[in-house]
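Please read the structure below before turning to the comments.
Quick note on labels: first sequence line is chain A, next is B, and so on, each numbered from 1.
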Amino acid sequence: MMPDDPHEASRRTLTIRSELSEIDKARAFLRESLAPCRLDEEEIFKLELALVEICVNITRYAYPDGGGPIGLTLWIEPGICLEIRDSGVPFDPRLLPPPDLDRLLASSRRGGLGVYLARKLVDDFDYKRENEENIVTLSRCLPFTN
Amino acid sequence: MTIDGKRDNGRMIVTVGGRMDAVSAPEFDKRCEAWIAEGAESFVIDFAGLDYISSAGLRSLLVLGKKTAARKGRVVIASARDVVKEVFAISGFGSIFPMADSVAAALGRL
């Protein structure tokens, strides 16, 4: 018998539509999933904000011809890993330059500020394109884990 | 997000609570726009009850800052909690908006 996936026990998934009105579901999913970790609120807010920024970006830019799904997977051990998938246009957020505040005002919405914040709020920010999907993985080390 | 405004001569004391993000920022824009139209020149934004601010919220503040600066007004942030301060620091917005520990201190900086 194959050994169990060590992440399986804590793995949780949710799929939402790429609409701003769906983001509360992503937020609730994150909070429920993190409940066993007993993180302080500040810590949760940081992860929540990083998640919201990536979801808002997908909502605005991934599906130019209408909406599509956003898949979330969260697992704990070691640390917290949150995977965010969309099947929209290929986009590697790591390639965005740091935001320029003057340009942020002059241009419309795309200023790169959201992605920049998300990257700074987590310990590790990864991206891959796999099976026609954009997959962003946010990781955060847990304090006091063994 | 909750938002409430109190007039103090040409100054507005705006209390914002909850989350200021892509969902709620348009409401903030709309209310500030109306206060400016009614003659508000400077703003104290009381963030004591704000859980977090996202890039969309920061952008709204930037727009407000630009509009008030055009009329020689200012925007001062009051009573932000640590996580909000951290977002200001990370984004570089900490150098754009003065921060005060209380509304009274913020009013003193207008």
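- Considering CG of Leu62(B) and CG of Leu113(A), their distance stands at 9.0 Å, rounded to 0.5 Å.
- Without hydrogens or angle criteria, Glu53(A) side chain to Ser55(B) main chain gives a donor-acceptor distance under 3.5 Å.
- Residues Tyr127(A) and Leu82(A) share a hydrophobic cluster, clusters being chains of Ile/Leu/Val/Met/Phe/Trp/Tyr side chains in contact below 4.5 Å.
- No side-chain heavy atom of Ser54(B) sits under 4.5 Å from any side-chain heavy atom of Val56(A).
- When the heavy atoms of residues 67-75 of chain B are compared with those of chain A, none of the residues falls under 4.5 Å.
- A 4.5 Å side-chain heavy-atom check between Leu58(B) and Leu117(A) finds at least one atom pair inside the cut-off.
- Rounding to the nearest 0.5 Å gives a distance of 7.0 Å between CD of Glu41(A) and CZ of Arg81(B).
- The hydrophobic clustering, which links ILVMFWY residues whose side-chain heavy atoms are closer than 4.5 Å, places Leu50(B) and Ile13(B) apart.
- Of the residues listed (Val84(B), Val83(B), Ile53(B)), the one engaging Phe45(A) in a side chain to side chain contact (heavy atoms under 4.5 Å, CB included) is Val83(B), and it is the only one.
- Listed in order of number, the residues of residues 92-110 of chain B that approach chain A to under 4.5 Å between heavy atoms are Gly92(B), Phe93(B), Ile96(B).
- Among residues 31-43 of chain B, no residue has any heavy atom closer than 4.5 Å to a heavy atom of chain A.
- Counting heavy-atom neighbours within 6.0 Å of Asp40(A) CG, excluding the residue itself, gives a total above 12.
- The shortest distance between side-chain heavy atoms of Asp24(A) and Arg19(B) falls below 4.5 Å.
- Residues passing the side chain to side chain donor-acceptor pair (under 3.5 Å) test with Asp126(A): none are found, sequence neighbours excluded.
- Follow the hydrophobic side-chain contacts under 4.5 Å out from Phe125(A) and you reach Leu51(A) in the same cluster.
- Of the listed residues (Thr59(A), Leu20(A), Leu49(A)), the one with the most heavy-atom contacts under 4.5 Å to chain B is Leu49(A).
- Ile70(A) and Ile135(A) are not part of a single hydrophobic cluster, where members link through side-chain heavy atoms under 4.5 Å apart.
- A salt bridge links Asp21(B) to Arg27(A): one of the charged nitrogens lies within less than 4.0 Å of a carboxylate oxygen.
- In the hydrophobic cluster analysis, where Ile, Leu, Val, Met, Phe, Trp and Tyr join through side-chain heavy atoms closer than 4.5 angstrom, Met12(B) is grouped apart from Val76(B).
- For Arg119(A), no part lies under 4.5 angstrom from a heavy atom of chain B.
- What you find for Tyr52(B) and Val52(A) is that their closest heavy atoms are OH-CG2, 3.4 Å.
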